[in-house]
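Inspection log for the structure reproduced underneath, given as structure tokens.
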Number of protein chains: 2
Amino acid sequence: MKQKSFAGMRCSIAGALNLIGDRWALLLIRDLSLGLRRYDDLRESIGIPNATLTERLKLLVARNIVERRQYQDRPLRFEYRLTPRGRDLWKVSTALREWGDRWNATGFDAPAVEVVDRLTGRKLVLALVDPKTGSAIPRDRIQYRPGPGADETVRKLLGELNLGVGK
Amino acid sequence: MKQKSFAGMRCSIAGALNLIGDRWALLLIRDLSLGLRRYDDLRESIGIPNATLTERLKLLVARNIVERRQYQDRPLRFEYRLTPRGRDLWKVSTALREWGDRWNATGFDAPAVEVVDRLTGRKLVLALVDPKTGSAIPRDRIQYRPGPGADETVRKLLGELNLGVGK
DNA sequence: CGAGTTACTTCAATGATAGAAGTAACTCGA
DNA sequence: TCGAGTTACTTCTATCATTGAAGTAACTCG
């Protein structure tokens with residue numbers, strides 16, 4: 001796959017998407033985080049062509065999202081695992097799964113995977129949390145503001161966004 | 001863009017990725033949620049070629065993620081906005097931004113956008129929350145379990161995942 | 001010895017994308 | 001009324017990526 005740098009490369013979303021690659025890569029990350037390790041298992045689970053799989057794995061390894069490690073000598077064999085950086089993408093896949101479930105992206109009503117609290121058994125959802133207190137912040141208290149790396153364009157957009165809060 | 005159904009279409013992640021489309025689409029969603037509405041603004045902000053932009057917008061409209069609405073008569077002009085379904089993708093872009101910031105995906109140290117609590121000014125992060133209590137659940141209490149729509153493969157993978165929790 | 005497993009590589013055909021140029025329907029100022 | 005500008009596209013071609021099928025290398029196992 002050709003790698004391009006997007007316009008607006010100060011944007012972390014564009015940066016993240018650039019590093020990850022594409023849908024195949026995200027599906028790989030999903031399967032790796034579910035415990036699949038081997039080339040053929042990944043290929044069958046995802047239904048990705050060989051050439052594409054090889055290429056994506058190479059890219060992800062180059063970007064330190066996946067590591068390729070030897071697991072036996074004779075015959076020489078390798079497996080793939082997420083690095084800490086790759087494991088840290090779990091919120092992205094969780095957000096995608098949540099959205100997919102909520103808006104019925106598969107055409108099936110019943111979700112295949114649920115995320116629950118081991119103690120109470122209750123389903124969990126992603127929310128914005130103050131890490132100091134550990135509690136979720138309601139939507140009307142959430143504010144987007146320019147960070148130290150913001151340029152004029154972002155500053156202006158965010159300014160207008162905050163003016164339009166009432167709407 | 002050709003639309004394919006992935007193997008494992010019971011998977012909400014694959015489903016969500018299918019509906020969204022690709023990186024361009026996610027960047028469009030980012031810009032639309034920041035308040036951009038007009039074709040030319042989107043094109044310039046993202047640096048997407050005309051043909052691709054037109055095609056992606058059409059796809060997103062067809063999928064009820066974006067709506068195209070007329071905003072004047074003479075000359076006839078249209079703008080693009082997120083539908084509720086599209087707006088609900090905010091957790092996906094937030095997760096991508098968080099990851100991009102944490103792992104320095106742009107090459108710049110300083111994030112361009114921060115999400116804060118309007119009351120305290122403190123930065124917020126995504127976390128898994130029990131919606132009943134509104135508080136974040138620590139990682140060791142989080143459990144993935146097969147939902148009602150799980151097939152044998154998922155069931156097996158999740159079983160092994162939970163066995164390997166100690167590692 | 002022959003079949004099977006794992007992890008790929010190679011190839012030809014098809015499909016998508018970029019970048020540049022062009023178009024339609026207006027408005028606005030001189 | 002003329003010409004430049006704005007907005008939202010469409011069209012084109014060369015290049016690039018992807019698919020799906022087939023092949024390969026280095027083993028193991030019966």
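Letters go in sequence order (proteins before strands), and every chain restarts at 1.
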Anything under 3.5 Å between a protein N or O and an N or O of nucleotides 22-30 of chain D, put it in a table, one pair a line.
from	atom 1	to	atom 2	distance (Å)
D:dA22	N6	A:N50	ND2	3.4

Report task. Could you list who else is in B:V116's hydrophobic cluster, with ILVMFWY side chains joined at under 4.5 Å, directly or through other members? Result -> none
Report summary line: Contacts of A:D40 and A:A51 projected onto DNA chain C by closest heavy atom; the upstream (5') one is A:D40
Query raised in the report: Rounded to whole angstrom units, what separation is found between the CD atom of A:E79 and the C1' atom of C:dA7?
Result: 13 Å
Query raised in the report: What's the CD1-P distance between B:I48 and D:dA8, to the nearest Å?
Result: 15 Å
**Report entry** side-chain N/O B:Y39 vs D:dT10 OP1/OP2, d < 4.0 Å
**Finding:** no
Query - Residue A:R38, side-chain heavy atoms: nucleotide from C:dC8, C:dT6, D:dT18 that is nearest - result: C:dT6
Query raised in the report: Between atom CG in A:L57 and atom P in C:dC8, what is the gap in whole Å?
Result: 8 Å
Query raised in the report: Between the main-chain N or O of B:N64 and the side-chain N or O of B:T83, is there a donor-acceptor pair closer than 3.5 Å?
Result: yes
Query raised in the report: D:dC9 P sits how many Å from B:R56 CZ, rounded?
Result: 16 Å
Query raised in the report: Counting only side-chain N and O atoms of B:T54, is one of them less than 4.0 Å from OP1 or OP2 of D:dT10?
Result: yes
Query - Partner set under side-chain contact (heavy atoms from CB on, under 4.5 Å) for A:P131, not counting sequence neighbours - result: B:V125
Query raised in the report: Remaining members of A:Y71's ILVMFWY cluster at a side-chain heavy-atom cut-off under 4.5 Å?
Result: none
Query raised in the report: Ion pair present between B:D130 and A:R122, side-chain N to carboxylate O less than 4.0 angstrom?
Result: yes
Query - B:D88/A:R102 ion pair, N-O < 4.0 Å - result: yes
Pairs under 3.5 angstrom only: tabulate donor-acceptor contacts from the side chains of residues 147-157 of chain A to other protein residues two or more places apart or in another chain.
from	atom 1	to	atom 2	distance (Å)
A:D151	OD1	A:T153	N	3.4
A:D151	OD1	A:V154	N	3.1
A:R155	NH2	A:A150	O	2.9

Query raised in the report: Is the distance from OP1 or OP2 of C:dA16 to the nearest side-chain N or O of B:W24 less than 4.0 Å?
Result: no
Query - Whole-Å gap separating P (D:dA8) and CZ (B:R69) - result: 14 Å
Report task. May I ask you to say whether A:R38 pairs ionically with A:E79, meaning some side-chain N is under 4.0 Å from a carboxylate O? Result -> no
Query raised in the report: Nearest-Å distance, CG (A:D22) to P (C:dA16)?
Result: 14 Å
Query raised in the report: Any salt bridge between B:K123 and B:D117, counting N to O under 4.0 Å?
Result: no
Query raised in the report: Name the stems with DNA chain D in them: runs of three or more consecutive Watson-Crick or G-U pairs, distances under 3.5 Å?
Result: C:1-30 with D:1-30
